[in-house]
> 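Shown below is the structure under consideration.
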Amino acid sequence: MASGGRTINVLNVAEKPSVAKAVAVILSRNQGLRVRDGRSRYNKIFEFDYAIRGQPCHMLMTSVTGHLMELDFEDRYRKWHSCDPADLYQAPVRKIVPEDKMDIKRTLDEEARRCQWLVLWLDCDREGENIAFEVIEVCRAVNHHLVLRRARFSALIDREIHQAVQNLVDPNQWFADAVDARQEIDLRIGASFTRFQTMLLQDRFCIDSATDDRNLVLSYGPCQFPTLGFIVERYWEIQAHEPEEFWTINFTHRSDEGIATFNWMRGHLFDYTCAVIIYEMCVQEPTATVTKVRQQEKLKYPPYPLSTIELEKRASRYFRMSSEQTMKVAEDLYQAGFISYPRTETDCFSVRTDLHAMVQEQQGHPVWGSYAQQLLDPGTGLWRNPSGGGHDDKAHPPIHPTKFSSGESRWSQDHHRLYELVVRHFLACVSQPAVGAETTVEIDVAGELFSASGRVILARNYLDVYRFESWGGSVIPSYAVGQQFIPTTLTLDSGVTRPPPLLSEADLLSCMDKAGIGTDATMHDHIKKLLDRFYATKDANTRFSPTNLGEALVMGYDDMGYELWKPNLRSTMEYDMKEVSIGNKSKAEVLANCLQQMKACFLDARVNKVKLLEAMAIFFERSNADEHHAAGEIVCQCGNCLESNMVLRKNRDGNFMVGCMAFPQCRNAVWLPGSVSEAIVTSNICNSCNPGPVYLIQFKFRRHEIPPGFDVNHLGCIGGCDETLRQLIEICGTGSRNPAGGRGATTTSNNVRQSDTRQRACIYCQQTGHLSGDCQSQFSGSRNAHSHGTNLQSGESSIPCTSCGTSCVLRTANTANNRGRKFYSCQSQECNFFLWEDDINNGTRGRSMPRGSASNPSRRGGRGRGGQTGGRGADTTFVSATGDPLSGRRCYVCGDPSHFANACPNRGT
DNA sequence: GCAAGGTC
């Protein structure tokens, strides 16, 4: 750059008004700084004189508010019915300045005309670089001779800003290109899929969540759908969870100093027999010997400096504030100058930050002021330079207080809370960690190891100011190695595994953060969008569940085999954007490649739209507008829930079924033969099936898929009286409902796949676990007769039951641990006698055990498992330390001798 | 009536 010469006019543009002001104040050193209004009421113009490398400059400093332009399709493609949505993959797009940004554009037009240079002070990230090119486009349009320069700065501090202006560089086209590509891909994918699925589903189904169907938009977006995917996936995981009973041994010891609870170092066992055997060993030799006493100092560190996502997560955890509300309130506090810029990824303070000055500001606060004073007093040793979490967006510092307040009268409760969180978090960051003394004691009882631990907090330090976190302390008696004692209680306790909880808002933010879905400034928007679109709901505990609509959409795409609802698509895009931003790939190359793939995916999805329709049909009634699928094909009342009707439907694989309308609450279903090509509910009522009316169905079978002798046309009944239908189901099966390629190739907890199997109910007794060919109700009239289930081979011989006097049948176990092993099991439902055949040969006596226990082979075949059961606390029971658990013959859940654990009414409460 | 990203 030339130095000296006449003064030139330099137009400086920042990304937001606050940065324009800060830069102007720093560069002008607050001397001779003038400010005037521009065309836009938010974006002032600052004027001052400055010399860049000796060149005298008259500086005009103004700002935009984020992006100045928007990408959209050209007019003729804007209307929804103007074109085939598939055309949106190549429809021309253009960047325009939207109406609400025109004032800013006018300011730039006017100021650029009289300037020789344009210096771009946009944030130093990819979006900032892209906005820089938008500003260039606007300014160059009115002044072709503008010299373009870019200021690079990583913080709004004097040295950085002066250095930046003295070392101006060129704008980075690669960074801007990466954003252009992202914008175009997002627009084309979002618009095409949104139009497609909205127009496909909106009028076909009665979607109850929308008050006005015309306003219902079923949007698709590369960020909103993966976010929904996280919610649905967790929901499915919970649905698929089958509680499993486990067993653990607990040991307590009371002395003059208090009580110690020793936990079994094996944790817990799912094998009841093993647990009982070990427990029995402990009962027989209950003396404990202390093998290890370990004392150590533990530190609990304060959190890292506050980034946006952490602020959102913590406000959700501590105050149950939604991320959207958090950002709204944080923006308010920022605008009023109380906290720093709230959209930041940075979680470490620059070494140049004057942290002491920030603490000093807080000394006068009535609540935490005294803590701030202690921090500043070197005598307390409370100060500690904060550690960082390793993230730095190079644009903004961590969120911290910028102005003292003991609370403003106009603040809402949320303003008070959020300001308090920001201040306390900041004070915690510059404090020493809490210090605790932990004692761990290990004991040996009959060769089994148990451990107990206690903690005494020696110094609370940062916990004194960070009231949102706690660190539990508990005291245990002191022990010495070699010391021996007898337990106060020694118990065999049962519990059941529990499903994971629904995703909380903090969990969801973590999932998004980890997968790179959205940015710190937009994550809360995506979450809100799911609620606005009726895709998900949030309960009082800030936990998210999918709505029927959300689940149906994800299920539909999943059934197509697409991962459009998973984060991979976005991750791949992000990877490509990175490649563009470092010059490894060109924008054109990435766009062409990505759009070609997405268009193919779109066209394929359209071919497979029946999957979406079927998934929706599981949850929603067809609307009258959908003439082809008129609603109201009621077959009979549901014999399972007794509340809803069973209706004829085509399932997701194109096969017919009769399912309860209350799905998914009631999963009663009758799967019809795969050889059925047509099925229509008639007005004829079956004369023999009860409870009535059961409407007959007119079936048409595919000729080549049924045996000779059967008619392709058949008026059938699903109520249980129809022998022809039963035979065809046995012969043809119930259609190819093979879920391969469907949900969750990545997960074993694929509930829908599992529920499909579970849903395969016997058409006669409506129970799952067996097919109609095995239904005992058709032979003996007794449902109890097959209670040992389908995983057991039938009995071969019998011996008298030594427990109740009836007989025991010899069976073969088919469980993972004992497959092929023979055992005798009492035929009586009231008796629980059970004996391994090889134990007879070994001279072991028979034993009674709860039928629900892990080692009892009857468990897996039976229908003993209820729904979701409670946690360990509710299930814990005690067997006296001197009692013999093997002769107890009583329920291990409640101790009642009249029944066993599998039949216990307290299970699941 | 569509996306996601800036910001007021």
Side-chain angles (χ1 to χ4, degrees), chain A residues 13-20 38 40-44 63-73 77-83 85 87-89 91 93 95 97-98 100-101 103-104 122-123 125-135 176 178-199 202-203 210 212-227 308 327-328 330-332 334-336 341-343 393 395-396 512 516-529 532-533 564 569-570 573-574 577 598 602:
Chain A
V13 183
E15 189 159 322
K16 43 191 161 279
S18 61
V19 172
S40 151
R41 58 188 280 228
Y42 299 110
N43 306 84
K44 309 280 184 201
S63 55
V64 288
T65 47
H67 278 286
L68 184 58
M69 295 178 157
E70 273 178 10
L71 186 72
D72 209 341
F73 298 106
Y77 295 92
R78 300 266 284 273
K79 288 236 181 314
W80 277 42
H81 293 278
S82 64
C83 67
D87 294 344
L88 298 177
Y89 285 89
V93 290
K95 271 189 165 185
V97 179
D100 63 335
K101 298 288 173 75
D103 285 342
I104 298 173
L122 287 305
D123 290 356
D125 52 24
R126 294 206 304 243
E127 295 294 333
E129 209 66 30
N130 190 271
I131 298 169
F133 279 85
E134 292 173 359
V135 171
V179 173
D180 280 344
R182 197 264 309 149
Q183 285 178 342
E184 196 174 325
I185 292 167
D186 284 347
L187 175 67
R188 294 187 189 280
I189 296 176
S192 58
F193 273 94
T194 300
R195 290 184 191 182
F196 157 66
Q197 64 185 27
T198 303
M199 294 192 287
Q202 181 185 52
D203 297 330
D212 181 355
D213 277 0
R214 283 169 302 174
N215 292 334
L216 183 74
V217 173
L218 304 184
S219 62
Y220 176 88
C223 285
Q224 52 182 276
F225 250 58
T227 306
T308 302
M327 291 312 290
K328 214 161 124 189
E331 180 69 27
D332 267 2
Y334 162 68
Q335 291 295 335
Y341 189 67
R343 290 180 279 273
D393 63 16
H396 306 286
M512 296 169 76
I517 303 298
T519 68
D520 49 16
T522 61
M523 281 179 185
H524 66 275
D525 281 337
H526 300 312
I527 295 175
K528 182 170 181 289
K529 186 153 277 177
D532 291 346
R533 298 282 191 221
L564 290 168
L569 173 65
R570 193 73 187 169
M573 276 171 59
E574 276 300 319
M577 297 312 111
M598 283 312 299
F602 176 83

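No hydrogens, no waters, no symmetry mates; every other heavy atom, side chains included, goes into these values. Residue numbering restarts at 1 for every chain, and letters A, B, ... go by the order of the sequence lines.
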> In whole angstroms, how far is the C1' atom of B:dA3 from the CZ atom of A:Phe225?
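Taking CZ of A:Phe225 and C1' of B:dA3, I get 13 Å after rounding.
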
> Can you tell me how far P of B:dG1 sits from CG of A:Asp532, to the nearest Å?
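A:Asp532 atom CG is separated from B:dG1 atom P by 17 Å.
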
> To the side chain of A:Pro17, which of B:dC2, B:dG5, B:dT7 is closest?
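Nearest nucleotide to the side chain: B:dT7.
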
> Is A:Thr522 near enough to B:dG5 that one of its side-chain N or O atoms lies under 4.0 angstrom from OP1 or OP2?
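For B:dG5, OP1 or OP2 has a side-chain N or O of A:Thr522 closer than 4.0 Å.
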
> Heavy-atom nearest nucleotide on DNA chain B for A:His81 versus A:Asp125: which residue maps closer to 5'?
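Checking each residue's closest nucleotide, the 5'-ward one belongs to A:His81.
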
> How many Å lie between CZ on A:Arg182 and C1' on B:dA3, as a whole number?
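Atom-to-atom, A:Arg182 to B:dA3, this comes out as 9 Å.
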
> How many whole angstroms separate atom CZ of A:Phe196 from atom C1' of B:dC2?
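A:Phe196 atom CZ is separated from B:dC2 atom C1' by 14 Å.
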
> Considering only side-chain heavy atoms of A:Arg343, which listed nucleotide, B:dG1, B:dG5, B:dT7, is closest?
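The closest nucleotide is B:dT7.
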
> How close or far is atom P of B:dC2 from atom CD of A:Gln197, stated in whole angstroms?
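For the pair A:Gln197 CD and B:dC2 P, the rounded distance is 13 Å.
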
> By nearest atom, which of the nucleotides B:dA3, B:dC2, B:dG5 is closest to the A:Leu187 side chain?
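When the side chain of A:Leu187 is considered, B:dA3 is the closest of B:dA3, B:dC2, B:dG5.
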
> If the plane angle is over 60° it's perpendicular, under 30° parallel, otherwise tilted; pick one for A:Phe196 and A:Phe602.
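Geometry flag for A:Phe602 against A:Phe196: perpendicular rings.
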
> Rounded at 0.5 Å granularity, tell me how far CH2 in A:Trp80 sits from OG1 in A:Thr194.
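Nearest 0.5 Å value for the CH2-OG1 distance: 6.0 Å.
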
> Contact class for A:Leu71 (heavy atom, under 4.0 Å): base, sugar-phosphate, or nothing?
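Here A:Leu71 touches the bases of the nucleic acid.
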
> Can you find a side chain N or O atom of A:His526 that sits less than 4.0 Å from OP1 or OP2 on B:dG5?
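So the side chain of A:His526 is within the cut-off, an N or O lying under 4.0 Å from OP1 or OP2 of B:dG5.
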
> Side chain of A:Lys529, heavy atoms from C-beta onward: which of B:dT7, B:dG5, B:dA3 has the nearest atom to it?
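Comparing B:dT7, B:dG5, B:dA3 against the side chain of A:Lys529, the answer is B:dA3.
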
> What's the closest nucleotide to the side chain of A:Phe73 if the choices are B:dT7, B:dA4, B:dC2?
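Between B:dT7, B:dA4, B:dC2, the one nearest the side chain of A:Phe73 would be B:dC2.
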
> List in chain and number order the residues that pass ring pair (Phe, Tyr, Trp, His ring centres under 6.0 Å) with A:Tyr77, two or more places apart in sequence or in another chain; answer none if no residue qualifies.
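Not a single residue meets the ring pair (Phe, Tyr, Trp, His ring centres under 6.0 Å) criterion with A:Tyr77.
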
> Under the rule for ring pair (Phe, Tyr, Trp, His ring centres under 6.0 Å), what residues qualify as partners of A:Phe73, not counting sequence neighbours?
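Scan of A:Phe73 (ring pair (Phe, Tyr, Trp, His ring centres under 6.0 Å), adjacent residues dropped) gives none.
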
> Does A:Gly128 reach a base, just sugar-phosphate, or nothing at all? Heavy atoms under 4.0 Å.
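Nothing, no heavy atom under 4.0 Å.
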
> Give one of base, sugar-phosphate or nothing for A:Thr198, where a contact means two heavy atoms less than 4.0 Å apart.
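Base: the residue A:Thr198, judged by heavy atoms under 4.0 Å, touches a nucleobase.
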
> Counting heavy atoms from C-beta on, name the nucleotide in B:dG5, B:dC2, B:dA4 closest to the side chain of A:Trp80.
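When the side chain of A:Trp80 is considered, B:dC2 is the closest of B:dG5, B:dC2, B:dA4.
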
> What's A:Glu70 touching, base or sugar-phosphate or nothing? Going by heavy atoms closer than 4.0 Å.
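It contacts nothing in the nucleic acid.
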
> In whole angstroms, how far is the C1' atom of B:dC8 from the NZ atom of A:Lys44?
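These atoms are roughly 13 Å apart.
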
> Pick from A:Asp186, A:Ile517, A:Ile185: which one makes a side chain to side chain contact (heavy atoms under 4.5 Å, CB included) with A:Pro222?
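When A:Asp186, A:Ile517, A:Ile185 are each tested with A:Pro222, the side chain to side chain contact (heavy atoms under 4.5 Å, CB included) holds only for A:Asp186.
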
> Where the side chain of A:Arg533 is concerned, which of B:dC2, B:dT7, B:dG5 is the nearest nucleotide?
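Nearest nucleotide to the side chain: B:dC2.
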
> Between B:dA3, B:dG5, B:dC8, spot the one nearest the side chain of A:Glu127, thanks.
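Side chain of A:Glu127 sits closest to B:dG5.
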
> What is the distance, rounded to the nearest whole Å, between atom NZ of A:Lys328 and atom P of B:dT7?
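Roughly 18 Å, once rounded to whole Å.
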
> Reckon A:Asp525 touches a base, only the sugar-phosphate, or nothing at all at heavy-atom distances under 4.0 Å?
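Result for A:Asp525 = nothing.
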
> Does B:dA3 have A:Tyr220 stacked on its base, where the ring centres are within less than 5.5 Å and the planes differ by under 30°?
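According to the criterion (under 5.5 Å, under 30°), no, A:Tyr220 does not stack.
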
> Base, sugar-phosphate, or nothing for A:Arg570, non-hydrogen atoms under 4.0 angstrom?
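Here A:Arg570 touches the backbone only, sparing every base.
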
> Taking only Lys NZ, Arg NE, NH1 and NH2, and the carboxylate oxygens of Asp or Glu, determine whether A:Asp180 and A:Lys95 approach each other closer than 4.0 Å.
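Answer for the salt bridge query: yes.
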
> Closest to the A:Thr194 side chain: B:dT7, B:dA3, B:dC8?
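The answer is B:dA3.
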
> Here's a test of your reading of the structure: between A:Glu331 and A:Arg78, which maps to the more 5' nucleotide of DNA chain B?
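In this pair, the answer is A:Arg78.
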
> Between atom OH in A:Tyr341 and atom P in B:dC8, what is the gap in whole Å?
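Roughly 6 Å, once rounded to whole Å.
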
> For a quick check of understanding: with a heavy-atom distance under 4.0 Å over all strands, which category does A:Pro85 fall into, base, sugar-phosphate or nothing?
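Since no nucleic acid heavy atom lies under 4.0 Å of A:Pro85, the category is nothing.
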
> Check the orientation of A:Tyr220 and A:Phe193. Use parallel for under 30°, tilted for 30 to 60°, and perpendicular for over 60°.
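Because their plane-to-plane angle lies in the 30° to 60° range, the rings of A:Tyr220 and A:Phe193 count as tilted.
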
> Which part of the nucleic acid does A:Gln183 contact within heavy-atom distance under 4.0 Å: base, sugar-phosphate only, or nothing?
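Base, at least one base atom sits under 4.0 Å.
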
